[in-house]
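Okay, so here's the structure we're looking at.
Because the structure is predicted, anything quoted here is derived from the model rather than measured. Sequence lines set the chain letters: A, B, ... in the order given, protein chains first and strands last, and positions in each chain run from 1.
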2 protein chains.
Amino acid sequence: MSENIKEPLFNLLHSMKRSLRQAIEVDNLGITPLHMRVLKIISFYNQKVTANDIVQKTLIDKAQLARLIKELIGLGYVSKLDNPNDKRSYYLGISGEGEQIVKQLSTAENRVNEIMKSGLTEQEIADFVRLAKQMAHNLNQHNE
Amino acid sequence: MSENIKEPLFNLLHSMKRSLRQAIEVDNLGITPLHMRVLKIISFYNQKVTANDIVQKTLIDKAQLARLIKELIGLGYVSKLDNPNDKRSYYLGISGEGEQIVKQLSTAENRVNEIMKSGLTEQEIADFVRLAKQMAHNLNQHNE
DNA sequence: ACAACATAGTTGACTTAGTCAACCACAACA
DNA sequence: TGTTGTGGTTGACTAAGTCAACTATGTTGT
């Protein structure tokens, strides 16, 4: 019988989310792990990423993302910039305050990352990530 | 810089949950993936598992689990049996109908499982699962 | 040029998942 | 026997995810 991958994966994600939430929450201002996830992407592709790009990357529902972005704008971490190529769309930029949050919370996230990786080799981590990507790809392929 | 494990893992779980939901939902009667997860455990340890055992295994919050079980009982898939050793507690048993659901939905889950694993070797799967368990363990250790 | 269709983003309404605190009944034990 | 601990339940809540309908703009084919 084929090994069941789901259960350990559910467990891992559960633990990871909890640790992340704790790590983030300490400092805390109205930011959830999901906000952080989006904020990091915006920070990385500063002013060169649209809401739809983020939907493609993350598979977050576009409705949900619209609200997340609205909240991040409300908090002053993110702003919209006109997209001259498409008036329906806009680029997302991060503010100085937003950058600060990302920096601050990235160190918290990295602590969690390190804890998670303890006892594993770099090669194992790399393989793990590769397999995770492959499996996600398999599932997504199959879903259209 | 250390590789970020979170993003591919979030993606994978997201895709997996969506596929699972689709697979389960086709047949469908008031069952969510989480119900299924619990139901499978009860089926496996039939009449030898308590609510608290499941909490230990899955890290599902005990409040949430109490409600899940209540729902499964309401659907007639699960029943409580007195625990002679501890009157606060009870063993969980699965009904014939419950078994049927588990069988039926297991085949759907296995389809998802196979899609996810396509292109990977058994060895890779085994390693992946081992690493996932190790990482969850690392995080949980650290959290008390 | 313009109708038909597609896409980016928004809003509403909803379900599922996860969390925390308070509580009850019973257990364990000093 | 009283204090403290544990299994389970309920209330009240937040976070995450989903689906459908809609607006405004873009794209394509004729």
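- The C1' atoms of five pairs define one axis at each end of the helix from C:dA1-D:dT30 to C:dA30-D:dT1, and these two axes lie 30° apart (to 10°).
- Distance A:Leu13 CG to D:dA15 C1': 15 Å, rounded to the nearest Å.
- The shortest side-chain heavy-atom distance between B:Lys40 and B:Ser106 falls under the 4.5 Å cut-off.
- Under 4.0 angstrom from either OP1 or OP2 of C:dT19 there lies at least one side-chain N or O belonging to A:His14.
- Neither side chain, A:Asn110 nor A:Thr107, offers a donor N or O lying under 3.5 Å from an acceptor on the other.
- The phosphate of C:dT15 (OP1 or OP2) has no side-chain N or O of B:His35 nearer than 4.0 angstrom.
- For the pair B:Arg21 CZ and D:dA16 P, the interatomic distance rounds to 17 Å; values are reported in whole Å.
- Annotation: salt bridge (Lys or Arg N to Asp or Glu O under 4.0 Å) contacts involving residues 54-76 of chain A, sequence neighbours excluded, are absent.
- When the side-chain nitrogen and oxygen atoms of B:Thr32 are compared with OP1 and OP2 of C:dT15, none of them lie within a distance under 4.0 Å.
- A heavy-atom distance below 4.0 Å to DNA chain D is reached by these residues of residues 79-94 of chain A, ordered by number: A:Asp86, A:Lys87, A:Arg88.
- Between B:Arg18 and C:dT16 there is no side-chain N or O to OP1 or OP2 distance below 4.0 Å.
- Rounding to whole angstrom units, NZ of residue A:Lys17 and P of C:dT19 are separated by 8 Å.
- Using a distance-only test at 3.5 Å, with no hydrogens or angles considered, no donor-acceptor pair links the side chain of A:Ser19 to the main chain of A:Met16.
- Counting only residues at least two apart or in different chains, salt bridge (Lys or Arg N to Asp or Glu O under 4.0 Å) contacts with residues 76-100 of chain A comprise A:Asp86-A:Arg88.
- The backbone N or O of B:Thr50 lies less than 3.5 Å from a partner atom in the side chain of B:Asp53, making a donor-acceptor pair.
- The distance between atom CZ of B:Arg37 and atom P of C:dT16, rounded to the nearest whole Å, is 17 Å.
- Atoms OG1 and CZ, from B:Thr58 and A:Phe10 in turn, are 11.0 Å apart once rounded to the nearest 0.5 Å.
- With A:Asn140 contributing its side chain and A:Ala136 its backbone, the two residues share a donor-acceptor pair below 3.5 Å.
- When distances are taken from the side chain of B:Leu34 to each of C:dG9, D:dC19, C:dA17, the shortest belongs to C:dA17.
- A distance-only check finds no donor-acceptor pair linking the side chain of A:Ser43 to the backbone of A:Leu39 [under 3.5 Å].
- Considering only residues two or more places apart in sequence or on other chains, B:Glu7 meets the side chain to side chain donor-acceptor pair (under 3.5 Å) condition with A:Arg37.
- The shortest non-hydrogen separation linking A:Met135 to B:Leu120 is CG-CD1, 3.7 Å.
- Annotation: proximity of residues 53-73 of chain A to DNA chain D (heavy atom, distance under 4.0 Å) is found for A:Asp61, A:Ala63, A:Gln64, A:Arg67, numbered in ascending order.
- Computed from coordinates, the B:Phe10 CZ to D:dA16 P distance equals 8 Å when rounded to whole Å.
- For the pair B:Ile31 CD1 and C:dA17 P, the computed distance is 10 Å after rounding to whole Å.
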